[in-house]
Amino acid sequence: MKVTFWLLDINYEVKDHSPEVWLWGIEEEGRRILLVDRRFRPYFYLVLKEGAESEAVKGEIDRMRQDLPLIENLEPASMKFFGRPVQAIRVTCGDPDLLARYADKLGKLTGVEASLEGDIRFSMRYLIDNGIMPCGWHEVEAEEVTDDSVKQIEKVCIVDSPPRPVERPQPPSFRILGFTLTPYGRMGTPKPDSDPVVIISAATNEGDEVQFAAEGENDAPLIENFNEFVRGFDPDIIVGYGSNQGHWPYLLARAGKHDIKLSVDRAGGEPHTSVYGHVSVTGRANIDLYDFADEFQDVKVKTLENIADFLGVMKLGDRTIIEDVDVPSYWEEKNRRPILLKFGRENLRSIMGVADAALDFAFQLSSLVGLPVDHIGTAAAGFRVDWFLIRQAHGVGELIPGRREQPYFPYEGGLVLTPKPGMHENVAALDFKSMYPSIMIAKNISPDTYVPPQEDVPPSKVNVAPEVGHRFRKEPPGFYKEVLTRLIRTRDEVRKRMRTLEPGSFEYRLLDARQRAVKVITNATYGYAGWLGARWYLKPVAEATAAWGRETIRNTMEMARQIGLEVIYGDTDSIFIVYDPEKVEALSKKVQEEIGLEMKPDKIYTRILFTEAKKRYCGLLPDGRLDIVGLEVIRGDWANAAKGVQETVLGILLRERSPEKAAEFVRGYVSGLRERKVPYRDLIIWKTLTKPIDEYKVKAAHVEAAKILKERGWGLTIGDKVGFVITKGSGKLYEKAKPYNFATYDDIDLDYYVENQVKPAALRILEQFGVTENDLVPN
DNA sequence: GCCTGATTTCTACCA
DNA sequence: ACTGGTAGAAATCAGGCG
């Protein structure tokens, strides 16, 4: 019987050294289905040394068979490795969990140059070899069977033939569950060992909203209730915020305390932490929206409430925020408990709203890269590119390189010009359309086209990178060139189709998510090529790309000058020039003809202000908005007081061109600040802990604040943002830093905020106009 | 021991 | 746990000072 399904999750089981692949999906008719494939075997490749005989190596392997009894098959294979044809033996081994060990052992044989692909996880192997994409539709021949095990699924089938992808206009309708916990700890950050969960809030995309409350401090019943609720609703997708590192592990630990099995998956098991640190709920897609918070670059402190506020899902002004440590005071008081429950519901609504904004992208990224949607969020950018490339390589018979330990040597990157300081009228920022990918395509830069220095190749056959001298064959097209060309073409096609659709329509949204996913992978490829962890790492690739980039921007500036355009600034792939439409048009044309890359105006500024610093400027756009780049205003580690003042100063200067008025404003603000009129929250400074507290070499304000938090029971880890204020006292700054929630307005060192926050931020700009520190002293 | 300028450490940004 | 280039604050070091 033919089954059409949308792939939600995949896992595998090993029974008596024999693997089964389980594909969890949703049928077109909406039934939830499990497809079991018992026909697939894991394997790896042994690449033979030059001149080594396949039969001889087979003989070597045969002599080891008693040690490696699960070898099922040895098959010669003609493959490519970095574009070079190689002879290999494909070794099939029955048990996927032993594959890596077998691959290592056989890699040491005399006739073997390399053992490859033994590190590809079995479920990924299955997807790749069959061309199956998570979050996509497939057809398969399968027989329905009756399944009497504990699986929570409507239909179980045994697969007869490999599934193949098919096109369908839209995904099935999902059942989505959102959840959040309220843990209760009287000693700082709650610890699952001692502190119960007092509320579990859950909602479904069908409009149900429930809250389970603990009985006193006994959370056993609410865990049971949650268990039941999840099973009853049977979600396809589970969303949370911070659920991978926070809620799931906490809930599991609490369930463990009570000997309750948290059986919320579809296979009768429990959630478990798996690759890249995601929590896997078998048969469902567990998605932690926090893993997609990076998509919202404008939000500096990535809390759920800030992201929900940014998206307009739930405004900060309209909601309650209760810190973990304050939970007891709400929970214990009868009349305050409803506020705590309300806080839970608000978080839940935020989660559902953020899910609405982020899930399309997650699905598209998953189906582009080929990683299951529950892994894709936790996989770092480098691994996303890695898996994308693995798919592409497999498609063209390329062997997948392993990761290798290697030393790090830095190389020179993009070119940054010193700006012409001051105010400029009518300036255009021109930039190259995906410069690095375009260069990699144009120069055929790739690990497989690289010609090492000792190799003799006629100069006419290679492109030679400026400054660094690396050579790349012009033909045939390299791996990166092929891949990037396809990506760019795909994105162009998607965007073309979008233009025929109503923005806001279902398909438009889907395609927009698609093109964003393609863009993310395209833009990460250059950085990936220079990343030590990349399977296709080759320093000369990244180094040559950057060198050609510098040459490109230098040549472009020279052309601009020849045409009579004044260059004010430039950074990596952009130049800022005084705008003259005709000359700019001429420049684009010339660049296209002589360099072969596409360059166009990105933004036109009515007026733009540079200081002498690179990477920091502010422009006024025709619609009246300020475009602020690099300055304190858009940094997350300055007090709002300073950021706000700087933004206002920029506004006055660029819109009204009045340094006097700006200085007057600053004086007024400083007076107000000294009179304690600035809200406390505008004095908080946020900084990230980038390493464990005891690894810091110098004493720093945010680290000292973090230590205080830790003493009081806060659990802080790498990546956490610490909010602190500077309090009165003597000595070093770090001695005066206190967590914002452990200080009051009376403790604040207002002088610090005037002298080290507001004034420097304002003067950074106002100095350009001859305004001095004295001019900012209130009369 | 204190002052000062140079250097290091740290974070967050730009492309 | 994608790259290098950069600004800026604060801590810390190193040397001058009889």
Side-chain angles (χ1 to χ4, degrees), chain A residues 275-277 294 297-298 300-301 378-386 388-389 403 408-419 429 431-432 434-437 440 520-539 541-547 549-550 552-553 569-576 602 611-617 627-639 642-643 685-691 695-704 718-719 721-722 726 731-737 752 755-757 759-761 763-764:
Chain A
V275 275
Y276 306 126
D294 280 350
Q297 286 292 325
D298 293 346
K300 303 294 175 189
V301 181
T378 50
F383 292 107
R384 295 177 186 175
V385 177
D386 230 18
F388 177 76
L389 292 178
R403 318 208 122 75
Y408 165 72
F409 297 107
Y411 65 89
E412 200 182 324
L415 182 72
V416 189
L417 300 190
T418 304
D431 58 21
F432 283 99
S434 17
M435 184 172 81
Y436 285 150
M440 292 170 94
V520 161
I521 297 300
T522 311
N523 289 347
T525 302
Y526 153 76
Y528 168 87
W531 171 47
L532 281 181
R535 288 175 186 268
W536 279 273
Y537 167 76
L538 191 67
K539 196 181 83 155
V541 165
E543 192 171 35
T545 305
R550 292 191 297 275
T552 301
I553 206 75
Y569 177 63
D571 184 350
T572 310
D573 66 349
S574 67
I575 61 168
F576 290 61
D602 176 39
T611 67
E612 56 285 343
K614 298 169 173 180
K615 297 186 184 278
R616 316 183 118 217
Y617 55 86
D627 184 30
I628 305 171
V629 179
L631 293 163
E632 282 74 5
V633 178
I634 45 117
R635 290 183 63 101
D637 58 349
W638 282 74
K643 302 197 323 175
I685 299 163
W686 294 90
K687 274 201 167 86
T688 307
L689 286 177
T690 59
K691 52 186 129 187
E695 279 178 26
Y696 279 89
K697 290 179 186 167
V698 296
K699 301 237 183 188
H702 70 298
V703 182
E704 295 306 301
I718 303 172
K721 285 245 195 305
V722 181
I726 301 303
K732 298 280 193 185
L733 192 71
Y734 63 76
E735 296 171 275
K736 308 201 296 170
Y752 169 81
E755 297 301 328
N756 297 58
Q757 289 278 328
K759 275 199 196 171
L763 281 172
R764 186 107 51 231

Quiz prompt | Leu389(A): side-chain contact (heavy atoms from CB on, under 4.5 Å) partners, not counting sequence neighbours | solution = Val385(A), Phe479(A), Tyr480(A), Val483(A), Tyr528(A), Trp536(A)

Exercise. Would you give a per-nucleotide map of nucleotides 1-7 of chain C, 5' to 3', where B means the base has a protein non-hydrogen atom under 4.0 Å away, S means only the sugar-phosphate does, and - means neither?
Key: BBBBBSS

Self-check item: Side-chain N or O of Thr688(A) closer than 4.0 Å to phosphate OP1/OP2 of dT11(B)
Solution: no

Exercise. Give one of base, sugar-phosphate or nothing for Lys539(A), where a contact means two heavy atoms less than 4.0 Å apart.
Key: nothing

Practice problem: Whole angstrom is fine here: how far is it from CG in Asp637(A) over to C1' in dC13(B)? | Solution: 9 Å

Quiz prompt | All salt bridge (Lys or Arg N to Asp or Glu O under 4.0 Å) counterparts of Lys614(A), not counting sequence neighbours | solution = none

Quiz item: Should the pair Phe383(A) and Tyr276(A) be assigned to parallel (<30°), tilted (30 to 60°) or perpendicular (>60°) ring geometry?
Solution: tilted

Self-check item: All side-chain hydrogen bond (donor to acceptor under 3.5 Å, both in side chains) counterparts of Tyr436(A), not counting sequence neighbours
Solution: none

Quiz item: In whole angstroms, how far is the C1' atom of dA12(B) from the NZ atom of Lys721(A)?
Solution: 8 Å

Exercise. Please identify each residue that fulfils side-chain contact (heavy atoms from CB on, under 4.5 Å) with Leu417(A), with sequence neighbours left out.
Key: Leu415(A), Met557(A), Val567(A)

What nitrogen or oxygen pairs link the protein and nucleotides 3-7 of chain B at under 3.5 Å?
none

Self-check item: Those residues that, when tested against Asp386(A), pass salt bridge (Lys or Arg N to Asp or Glu O under 4.0 Å) (two or more places apart)
Solution: Arg403(A), Arg535(A)

Quiz item: Are Tyr569(A) and dC14(B) close enough that a side-chain N or O sits under 4.0 Å from OP1 or OP2?
Solution: no

Quiz item: Taking the same atom, P, in dT9(B) and in dC2(C), what whole-Å distance lies between them?
Solution: 24 Å

Quiz item: Under 3.5 Å, side chain of Glu632(A) to main-chain N/O of Ala761(A), donor-acceptor pair present?
Solution: no

Residues 695-703 of chain A side chain polar contacts: donor-acceptor under 3.5 Å, at least two apart:
| from | atom 1 | to | atom 2 | distance (Å) |
| --- | --- | --- | --- | --- |
| Tyr696(A) | OH | Thr690(A) | N | 2.9 |
| Tyr696(A) | OH | Thr690(A) | OG1 | 3.4 |
| His702(A) | NE2 | Thr688(A) | O | 3.2 |

Exercise. Would you confirm whether Lys736(A), through its side chain, and Gly731(A), through its main-chain N or O, come within 3.5 Å as a donor-acceptor pair?
Key: no

Quiz prompt | Integer-rounded Å distance: dC13(B) P and Lys687(A) NZ | solution = 11 Å

Quiz prompt | Rounded interatomic separation in angstrom, taking NZ from Lys643(A) and P from dT11(B) | solution = 17 Å

Quiz prompt | Protein-nucleotide distance (Leu689(A), atom CG; dC10(B), atom C1'), rounded to Å | solution = 12 Å

Quiz item: Under the side-chain hydrogen bond (donor to acceptor under 3.5 Å, both in side chains) test, which residues partner Tyr734(A), sequence neighbours left out?
Solution: none

Quiz item: Which part of the nucleic acid does Trp638(A) contact within heavy-atom distance under 4.0 Å: base, sugar-phosphate only, or nothing?
Solution: sugar-phosphate

Exercise. May I ask you to verify if any side-chain N or O of His702(A) is less than 4.0 angstrom from the OP1 or OP2 atom of dT11(B)?
Key: yes

Practice problem: Could I get the full list of side-chain contact (heavy atoms from CB on, under 4.5 Å) partners for Val275(A), not counting sequence neighbours? | Solution: Arg121(A), His278(A), His375(A)

Quiz item: In whole Å, what is the span from the CD1 atom of Ile628(A) to the C1' atom of dA12(B)?
Solution: 16 Å

Exercise. Using the test side-chain contact (heavy atoms from CB on, under 4.5 Å), find all partners of Thr611(A) that sit at least two apart in sequence or belong to another chain.
Key: Ala613(A), Gln768(A)

Practice problem: Classify the nucleic acid contact of Tyr617(A) as base, sugar-phosphate or nothing, counting any heavy atom under 4.0 Å across all strands shown. | Solution: sugar-phosphate

Any N/O pairs under 3.5 Å between the protein and nucleotides 10-13 of chain C? List them or say none.
| from | atom 1 | to | atom 2 | distance (Å) |
| --- | --- | --- | --- | --- |
| dA10(C) | OP1 | Tyr752(A) | OH | 3.2 |
| dA10(C) | OP2 | Asn756(A) | ND2 | 3.2 |
| dA11(C) | OP1 | Leu733(A) | N | 3.3 |
| dA11(C) | OP1 | Tyr734(A) | N | 3.3 |
| dT12(C) | OP1 | Lys699(A) | N | 3.2 |

Quiz prompt | Distance, rounded to the nearest Å, where Glu695(A) contributes CD and dT11(B) contributes P | solution = 12 Å

